[in-house]
Amino acid sequence: MPPKERVPKSFCRAPFLTIQMTYPEFPDSDNFTTIGDILNGVVDGKSISVRGWIYRTRSSGKLSFIVLRDSTGIIQSVVSSDSVSESSFTASKKALVESSVLVTGTPIKDERAPGGWELKASNFEVLHYADTFPITKDQSDEHLLNNRHLWLRSRDMVSCLKIRSTIFQAFRNYWISLGYAEVQSPSFTTSACEGGSTLFNVSYDDHNEKSGQKFYAHLSQSWQLYAEATMFGLEKIFTVAPSFRAEKSRTRRHLTEFWHAEVEAAWTHNHQMMELEEGMINTILNEVLSNNLSELEHLGRDISLLQNVKGPFEKMKYSDVIDELNSLGFDLSWGDDFGYKEEKALTSSRTQPLFITHFPKEKGFYHRPDPEDPKSLVCHDLLAPEGYGEIIGGGERIWSPDELDTRIREEGMEPASYGWYMDLRKYGSVPHSGFGLGLDRLTSWICGAEHIKNVIPFPRTMRRTNP
RNA sequence: GCCGCUGUAGCUCAGUUGGUCAGAGCACCCGGCUGUUAACCGGGCGGUCAUCGGUUCGAAUCCGAUCAGCGGCGCCA
C-alpha cells in the first residue's frame, strides 16, 4: 500500500490562522456589482464589474453576445472587437457555457437584449474555461437527475431553492416569535414511533456480531417520542430535521429522506395547535409572497391562488369527509383509511387548505381518543389545496398512563417495549399536542411543483441516492 | 409489495413486416458573418444499438434473463 498522503498541518488548521492568502488571478475585492442590481437600474451608465458564469453564448464575426448569470439574475453582455483587447475578444469567443468570468463594462438599457438590459463590455476575462457542459437544451428528467449536481445551477432549481429557504426561515421565525425553543433529536434511534412505517437499518462494523443484534440502530422517522420527553423541560419546542422512511413509495409526493418540521407543546389542546398551524401557514405564505415573487413568476406559479389563501381554514370531521367522498362517487364506510385518490378528490377543487379531524382510532396509538366519542381520535391532518394533499399530521397525545397502556395493548404491542417512553407518563404528565409538517411537500405546493424531487437539491428516493 | 413504461452518438430522438438501418437535430471542433435572442451558413468529429444468452442464412428489430432508470397505486409528511 502506498504511504498515506499527508495533509499539511497549516491546511488542517487554516480556519485558525490569519495568513493573508492572495490569488493574483482573482483580486480580493468586493467591488463587484450583482446582476440583480443592474436589472434594478442601480448602476445605470456607470462602469462596473460583474462576476459570474456564462449562461448562453453566441457570436458573429466581430461581436460576441455572452449572457451572464449570477445568483441574482441574468444579463447579456456584448463584447465587440472594437472596444476590448484582442485577448478579451478571443476569450469571449472561446469560452463555453458555464465558464466563470469577470466582465467589466457599462450597463445600458437596450430593447434588443433579453431582459431589456445589456452590459457593454470593456474587459472580458475568463477565470476558468469550462469543459463542454453536459446539460444542453435537450433535457430529459433522467438526465437532469443524473446531473443534479450541475442542474442546481439552473434558474428553475435556483428559484425553487430560494423559495425553500424562505419557507424554512419563516417556519423557524414563526415559532421562535411564539416563545418556542428549537431542539434537536437523534437520527439514530431504536424505537419505532409509528407502527407500520418501514425503518431503515444502520449497521456499525462488527457491532452486530458482538451485540448479537441485526443492526446498530434505525434511522429516525420522527422526533415525536424524543420531543415528548424534551417538552417537560422546555414546554414549547420545535425542530427542523431530516426523517427517513423506507417505504417503497414511488410517487410525486414521496422521498426516502425528507425534511420534517415538528412542533410539540405542553398544556396545549388539539384545537389550539390547529389555530397555531393556520397562523404558521399564513405566515410562511406571506413571507414567500413578499420575498419571492420573481421566483414564483419564473416557475409559472399562479400567484393569485397563493394570495387568496386566508384563514379560517375549513375544518371537517373524518365522518363528514367520508360522507362528502361518498357523494363524489366513492364507496367508503366509517373506519376506512383514505389514500391519495381520496385526498385528490377532496383538495383538487378546493383553493383553501383543509383540516380533517377525528380520525378513527387506528391512525395512531399515541393520539388521544375523544372522550365524547372514544372510537375516534383528537387529532388532525392538514391537506394542501390544488390536489397537493397531506402536508401535516398531528394531534393531542395521550397523557394518562392507564390510557396509553390500554391503547398500546389494543394495537397488539407490549407497553414494556416502549421503555423510557412509558416513563414520561409517570412523572407529572400533562395534556400536550404536536404535529409534523413535510417541508418538502409544503415547498412543492407553494412552488406548484410537478414532483417533490424538484424542490430539494439532492433528492433521495427508493431508487436514487446519486448524485 | 403491486401495475405500467423506457434503454440506439455527449444530449433529444427516428429506425416500417427481421434483409444498404448505423441515421437526424442539437452539442463540440474548423471556417464565415458587426445585433444575436438556447441565431444563421459551410465542413468535420462522434455509436460493442444497456448487458448476457437464445431463435434465424441474417437481429437495433423476435424471445428469455439480468442491470439501470422513469411513472403510478398502496402507505405516509
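Chain letters run A, B, ... following the sequence lines, proteins first and then strands; every chain starts at 1.
Put simply, NZ on A/K62 is 12 Å from P on B/G35, counting in whole angstrom units. Rounded to whole Å, atom C1' of B/A77 lies 15 Å from atom CZ of A/F338. If you take NE2 of A/H380 and P of B/A77, they are 11 Å apart, rounded to a whole angstrom. Computed from coordinates, the A/K453 NZ to B/G71 P distance equals 4 Å when rounded to whole Å. Put simply, CZ on A/R252 is 20 Å from P on B/C76, counting in whole angstrom units. Atom C1' of nucleotide B/C75 and atom CZ of A/R245 are separated by 10 Å, given to the nearest angstrom. B/G10 atom P lies 21 Å from atom CH2 of A/W151, rounded to whole Å. What separates CD of A/Q139 from P of B/G69 is a distance of 21 Å, to the nearest Å.
A sub-4.0 Å separation between OP1 or OP2 of B/U12 and a side-chain N or O of A/S140 is present. Residue A/R464 places at least one side-chain N or O under 4.0 Å from the OP1 or OP2 atom of B/C70. Distances shorter than 4.0 Å separate none of the side-chain N or O atoms of A/K137 from OP1 or OP2 on B/C26. Taking side-chain N and O atoms only, A/R250 has no distance below 4.0 Å to OP1 or OP2 of B/C5.
Between B/C11 and B/C49, the two P atoms lie 15 Å apart (nearest whole Å). Taking atom C1' on both nucleotides, B/G15 is separated from B/C3 by 30 Å, rounded to a whole Å. Using P as the reference atom, B/G1 and B/U20 are 43 Å apart when rounded to the nearest Å. B/C13 sits 22 Å from B/U51 when the C1' atoms are compared, rounded to a whole Å. When the P atom is used for both B/A65 and B/U6, the distance is 16 Å, rounded to whole Å. Distance noted for atom P between B/G54 and B/G7: 24 Å (whole Å). Across the P atoms, B/C5 and B/A9 are found 23 Å apart, a figure rounded to whole Å. Atom C1' of B/U48 sits at a distance of 30 Å from the matching atom of B/G4, rounded to the whole Å.
Nucleic acid contact class of A/Y55 (heavy atoms, under 4.0 Å, all strands): none. A/A261 comes within contact range of no nucleotide atom at all, as no heavy-atom separation falls under 4.0 Å. Heavy atoms of A/T132 sit under 4.0 angstrom from primed sugar atoms or phosphate atoms, though from no base atom. A/L439 comes within contact range of no nucleotide atom at all, as no heavy-atom separation falls under 4.0 Å. Residue contacts shown for A/L442 are absent, as no nucleic acid heavy atom lies under 4.0 Å away.
Comparing B/C73, B/U36, B/A77 against the side chain of A/R58 picks out B/U36 as the nearest.
Between A/R153 and A/E98 there is a salt bridge, since a side-chain N of the basic residue sits under 4.0 Å from a carboxylate O of the acidic one. Taking the charged nitrogens against the carboxylate oxygens, A/R409 and A/E414 do have a contact shorter than 4.0 Å, which makes a salt bridge. Using a cut-off of 4.0 Å between Lys/Arg side-chain N and Asp/Glu carboxylate O, A/R350 and A/E324 are scored as salt-bridged.
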What do the steps show when you test A/F359 against A/Y318 for ring-ring contact (aromatic ring centres under 6.0 Å, His included), and what is the final call?
-> CA-CA 5 Å; A/F359 280 89; A/Y318 166 85; 5.7 Å; yes
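The base of B/G69 lies outside donor-acceptor range of the side chain of A/D141, with no N or O pair under 3.5 Å. Side chain A/K120 to base B/G35: a donor-acceptor pair is found below 3.5 Å. Scanning atom types as modelled, one donor and one acceptor separated by under 3.5 angstrom connect the side chain of A/E118 and the base of B/G35. Judged by atom type and distance alone, A/R441 reaches the base of B/C76 through a side-chain donor-acceptor pair under 3.5 Å. Contact of A/S249 with B/C76 (side chain to base): no donor-acceptor pair of N or O atoms is detected under 3.5 Å. Looking at A/H254, its side chain comes within 3.5 Å of the base of B/C76 through a donor and an acceptor atom.
B/G35 has no base stacking with the ring of A/F65 when judged by centroids under 5.5 angstrom apart and an interplanar angle below 30°.
Of the nucleotides present, B/G54 is the one that pairs with B/C62 by Watson-Crick or G-U wobble criteria, both distances under 3.5 Å. In this structure, B/G1 forms a base pair with B/C73, meeting either the Watson-Crick or the G-U wobble geometry with both donor-acceptor distances under 3.5 Å. Base pairing of B/G10 is made with B/C26, judged by Watson-Crick or G-U wobble geometry with both donor-acceptor distances under 3.5 Å. In a base pair of the Watson-Crick type (N1 to N3 plus N6-O4 or O6-N4) or a G-U wobble (N1-O2 and O6-N3), with each distance short of 3.5 Å, B/U36 is matched with no nucleotide.
Annotation for A/S187 and A/F244: closest pair OG-CE1, 4.1 Å, computed over non-hydrogen atoms. Here the closest non-hydrogen pair linking A/N282 and A/K310 is OD1-CA, 4.1 Å.
When each of A/D337 and A/E450 is assigned the nucleotide of RNA chain B bearing its nearest heavy atom, the one mapping closer to the 5' terminus is A/E450. When each of A/R463 and A/T136 is assigned the nucleotide of RNA chain B bearing its nearest heavy atom, the one mapping closer to the 5' terminus is A/T136.
The 12-atom threshold is exceeded at NZ of A/K315, counting heavy atoms of other residues, nucleotides or ligands nearer than 6.0 Å. Environment of NZ in A/K361: crowded, with over 12 heavy atoms of neighbouring residues, nucleotides or ligands closer than 6.0 Å.
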